[in-house]
Structures are given as C-alpha cells and as structure tokens.
Amino acid sequence: MAAEEQEKALLEKYFHENCPGCKVEKYKESQKGFPIRELLSIWIVVLCTALPISSLFPFLYFMIRDFHIAKREEDIGYYAGYVGSSFMFGRALTSVFWGIVADRYGRKPVIIMGTIAVVIFNTLFGLSVNFWMAIAMRFLLGSLNGLLGPIKAYATEIFREEYQALGVSTVSTAWGIGLIIGPALGGYLAQPAEKFPSIFPKESVFGRFPYFLPCLAISVFALVVTIATCWLPETLHKHHKSSKFDAACEDVETAPLMSGTKYKTQKAEGKAPKKSLFRNWPLMSSIIVYCVFSLHDMAYTEIFSLWAVSPRRYGGLSYTTEDVGNVLAISGAGLLIFQTCLYPYFNRLLGPVVVARLNGVLAIPLLSSYPFIAMLTGLSLSIVLNCTSVAKNVLSVSMSYTASYYI
C-alpha cells in the first residue's frame, strides 16, 4: 500500500501556490513552443558577465605603461599579470559563497547582484588613476560577480527537459562569444582621443582617461541587462515538505542508494545515507577536465593580447589596440558560425567526448606555432594569425562546452 501511495503521489502534478519554482514548473507545462525568450535572457546575462573579464587585455599593456609603475619596458607584462588575475582571484574566493546564496535565497538575487557589480566596478576600473586602484576594482568586480555557476543552474531549471541541453550550450556559447567580443571592444574603443580626436578631444574625460570608453560601453550594456533581469522569474523552490508528493520524492530519491532491509533500518533510526562526491569518478573527472580547459582558455585570452601588443624586439607583434580588436572580432564571427552551424553536426557524428579529445590534441600543435607566427610580416601575418585565432577559440569553446555539459 505504501508503494502504491508513493507511485500515485508521484504521478500527480502538485504545485505549491506561493512557490516561485512551482510557478515556473507550471509555466513550463503550459508552454509548448520554442523557448526563445528564455534563450535570449540567458544569452544576454552571460554575455554581460563575460564581456568585462577580457575587455581590458588589448589595452592592459598600455594602461600599465601609463601608470609608470614598471621600471623597465619588459616588466610591464609582470604587472599586467596581477591586474589580469585579480578578477579571477576574487571570483575563486567567493564562488562557493554565491552558490550557497543562490541555493538558499534564489538564483535571481545573485544574477542581479552580479550585473550591478559590472555596472559599478567596471566603470570605476576605467577611471583608475594608479596600479593599486586598478587591482582593487578588478578584485571587487570578480568577488561580487559570482553568477556563472547559478546561471547554469538557472538554465537547466528554466527550460523544459527537451531544451535543457540547449540551455547549457547557450551559457557556454555566450561565454565564449563574450570573451572574444570583450577584447574586440577594448581594442576598438581604447584611447579614443588618439584615434578619433575630432569626436573625443584630449581635454575631455575620454582624453584624460583613455581606457574609460570601453569600460563605459560595457557598463551601459550591463545597466540595461540589470533592468531587464528584474522581470526574470525565480526558479528556486521555496516550500517545506508538507505534501504527499514531497514525501514520496524524498523516499524514492533515497531508496535506490541501499538495499531494502538496510534502507528500512536506517530510516527507522533516522539516519540519512551519505555518499562522497570525491568517490564519484565520472563527476570528478569532468570537473578536473573543466578546470584544465578553463585555465588553458583564460591563460590564452590574456597572453594573446599582451603578446600581440608587445614590441617585436621582445617577440611580440607590435600591434595596436585596434589591430588586436580586428583579430578578435574576426575570431568572434568565426566562433559564432561554427557553434551554430558546424558544431552540432560534429557532435552528432562523433559524440561530445571524441570531439573534446580531438580538440585537445589539435590545440597542442596550434599553440606551438605562435612563436613562428611572430616571424611573419604583412599580409601573410594577418592571414595566418586570423586563421589560427579562429581555430584556437573554436577548439577552446568546444572543449569547455563538453566538460561543462557532463558536469
């Protein structure tokens, strides 16, 4: 009789009246079409948080030079590394905290807080007058912008089951596009008084703060996103186990972890079974692979821009910020075409694991070719560099998507 009651309770759709998560579930039950509105919401939120991460890299070399903290020109990269890593250092310290907040109070407050942090601290970073202010603003931006984990949970909860894979891929694709469009914006809009003196005089605020315009542009976009997120539905369930459905779900989720006699004994004693996540090798291997791919991706994103703008006598390309913006804009267009047209075909043909393995193997010779690319000049340099950059970003985003999907 108890088993029949559990089965009956599970078959019944029960929604709590004042629970935001139940309202979303009820809404998903009534919607049958393609979730274009949810897809667009996830896209702009992830793009908003990805843009400021890498937008500084094309002009970071010149920014550190203008701070006059480096005694030698070859030391500029050393100080640039501190500014570039301060964002991720702050994020690493607070990611778990923001995950706990999202599980306790909801995904929506964390999303809104993250976009507000972009508006405030990214703007202040563009107004930095010294090295330590730049580090502090980037650190605070990373510490208070912890929505990458919660937005992935939000993506799986806001979409119906048949579109959950699309939601996860949307997060990864928007993230990759943001990491490319961000540097492109930074390259095009930095130092506007030198590039467009008729529009931005040297006496204006953009002349006195040559790296403020790209930060301001991203912050304005983040402000629009912040206002739009106020209408996002909350997906966290906020109700107590007061129904037969909740009790049945709890029993069904717990029962498969042990045999019948042991389950009844522990349930009578009030002991909850525990399983160590560290012994779950498929999960841990996916996390390790994702960490390695993320380290590889972020290291390349920062080093590429610094390498491109460095003088040729130090092994760089002597590119301007606008040249770097051109390369990254082409990479972003190539990545968008690949992710929307070609990646689904290769994923169906070979499977995500094989695709990730091939990408990892191909990335080794690709990255090894960059010292030889620095020997080229003129048109040959532009063609080879753009093709290599497109291929590298395509491989990187594809690997990260596969790892995050399995997590």
Visitor: Can you find a heavy atom in the side chain of Leu140 that is under 4.5 Å from one in the side chain of Met137?
Guide: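 The answer is yes, as the side chains (C-beta and beyond) meet within the 4.5 Å cut-off.
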Visitor: So do the side chains of Ser305 and Tyr319 get within less than 4.5 Å of each other, counting heavy atoms only?
Guide: no
Visitor: With a 4.0 Å cut-off on N to O distance, would you call Arg313 and Glu74 a salt bridge?
Guide: no
Visitor: Determine whether Phe87 and Ile53 satisfy the following criterion, side-chain contact (heavy atoms from CB on, under 4.5 Å), listing intermediate values before the conclusion.
Guide: CA-CA 7 Å; Phe87 178 93; Ile53 294 177; 3.4 Å; yes
Visitor: Are Phe209 and Ser204 packed together at the side-chain level, in the sense that at least one heavy-atom pair is separated by less than 4.5 angstrom?
Guide: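 Phe209 vs Ser204: side chains apart.
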Visitor: If you take all heavy atoms of Val118 and Ala222, which pair is closest and at what distance?
Guide: CG1-CB, 3.5 Å
Visitor: At what distance, to the nearest 0.5 angstrom, does CH2 of Trp43 lie from OG1 of Thr170?
Guide: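 If I round to the nearest 0.5 Å, the distance is 7.5 Å.
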Visitor: What pair of heavy atoms forms the shortest contact from Thr229 to Thr226, and how long is it?
Guide: OG1-O, 2.6 Å
Visitor: For Lys202, check side-chain hydrogen bond (donor to acceptor under 3.5 Å, both in side chains) against everything at least two apart and list the hits.
Guide: none
Visitor: Check whether any side-chain N or O of Lys108 sits under 3.5 Å from a backbone N or O of Leu236 as a donor-acceptor pair, and report yes or no.
Guide: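 It does not hold such a pair.
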Visitor: Parallel, tilted or perpendicular for Tyr211 and Phe59, by the 30°/60° rule?
Guide: parallel
Visitor: In this structure, are over 12 heavy atoms from other groups packed under 6.0 Å from Tyr82 atom OH?
Guide: no
Visitor: Can you confirm whether Tyr78 is buried at OH, in the sense that more than 12 heavy atoms of other residues, nucleotides or ligands lie under 6.0 Å from that atom?
Guide: no
Visitor: May I have the step-by-step check of ring-ring contact (aromatic ring centres under 6.0 Å, His included) for Tyr79 and Phe131, ending in yes or no?
Guide: CA-CA 8 Å; Tyr79 291 99; Phe131 175 72; 5.6 Å; yes
Visitor: Gly315 and Trp307: which non-hydrogen atoms are nearest, and at how many Å?
Guide: O-NE1, 2.9 Å
Visitor: Establish, from distance only, whether the side-chain atoms of Asn386 and Ser389 form a donor-acceptor pair under 3.5 Å.
Guide: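 Judged by distance alone, the side chains do not pair up.
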Visitor: Please report the C-alpha distance between Ser128 and Phe67 in whole Å, then the side-chain angles of each, then the deciding distance to 0.1 Å, and finally whether the side-chain contact (heavy atoms from CB on, under 4.5 Å) criterion is met.
Guide: CA-CA 9 Å; Ser128 297; Phe67 286 155; 4.2 Å; yes
Visitor: A quick test of your reading: do over 12 heavy atoms of other residues, nucleotides or ligands sit less than 6.0 Å from CZ of Phe34?
Guide: yes
Visitor: Would you name the heavy atoms of Pro311 and Glu73 that are closest together and state the gap between them?
Guide: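 Closest pair (atom of Pro311, atom of Glu73, distance): CG-OE2, 3.3 Å.
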Visitor: First locate atom CG of Leu47, then atom CD1 of Ile181, and finally report the distance between them rounded to the nearest 0.5 Å.
Guide: 5.5 Å
Visitor: Is any side-chain heavy atom of Thr123 closer than 4.5 Å to a side-chain heavy atom of Phe212?
Guide: yes
Visitor: Quick one about Thr321 and Lys195 (side-chain donor to acceptor, distance below 3.5 Å, no hydrogens or angles considered), yes or no?
Guide: yes
Visitor: Between Asp75 and Arg72, does a side-chain contact (heavy atoms from CB on, under 4.5 Å) hold up when you go through it step by step?
Guide: CA-CA 5 Å; Asp75 292 336; Arg72 301 180 303 166; 3.1 Å; yes
Visitor: Any donor and acceptor pair, going by atom type alone, linking the side chain of Thr320 with main-chain N or O of Asp323 inside 3.5 Å?
Guide: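 Here the side-chain-to-backbone pair exists.
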Visitor: Could you give me the CA-CA distance, side-chain angles and deciding distance for Glu38 and Tyr154, then say whether side chain to side chain donor-acceptor pair (under 3.5 Å) is met?
Guide: CA-CA 10 Å; Glu38 290 79 8; Tyr154 188 86; over 6 Å; no
Visitor: Quick one, Ile42 and Phe159 - any side-chain contact, counting heavy atoms below 4.5 Å?
Guide: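 Yes, side chains in contact.
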Visitor: With the side chain counted from C-beta on, respond yes when Leu317 and Ser310 share a heavy-atom pair under 4.5 Å apart, and no when they do not.
Guide: no
Visitor: Please report the closest heavy-atom contact between Met133 and Leu124, naming both atoms and the distance.
Guide: CE-O, 3.7 Å
Visitor: What's the separation between atom CD in Glu234 and atom CD in Glu157, rounded to the nearest 0.5 Å?
Guide: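 Here the interatomic distance stands at 8.0 Å.
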Visitor: So, using side-chain hydrogen bond (donor to acceptor under 3.5 Å, both in side chains) as the criterion, who are the partners of Arg138 when residues are at least two apart?
Guide: none
Visitor: Any chance you could measure Phe221, atom CZ, to Leu185, atom CG, to the nearest 0.5 Å?
Guide: 10.0 Å
Visitor: What closest approach, in Å, do Asn122 and Pro52 show between heavy atoms, and which atom pair accounts for it?
Guide: OD1-CB, 3.5 Å
Visitor: Does a side-chain heavy-atom distance below 4.5 Å link Ser143 with Arg91?
Guide: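 A side-chain contact is absent here, since even the closest heavy-atom pair is not under 4.5 Å.
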Visitor: Could you give the distance from OG (Ser55) to CD1 (Ile218), rounded to the nearest 0.5 Å?
Guide: 3.5 Å
Visitor: Run the side-chain contact (heavy atoms from CB on, under 4.5 Å) check on Thr49 and Thr115 step by step: do they pass?
Guide: CA-CA 7 Å; Thr49 192; Thr115 55; over 6 Å; no
Visitor: Is the backbone N or O of Arg312 less than 3.5 Å from a side-chain atom of Ser318, with the two atoms forming a donor-acceptor pair by type?
Guide: yes
Visitor: If I take atom CZ from residue Phe57 and atom CD1 from residue Ile303, how far apart are they, to the nearest 0.5 angstrom?
Guide: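 The distance works out to 9.5 Å.
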Visitor: Using a 4.5 Å cut-off on heavy atoms from C-beta on, say whether the side chain of Phe304 contacts that of Ser54.
Guide: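 They are not in contact (no side-chain heavy atoms under 4.5 Å apart), so the answer is no.
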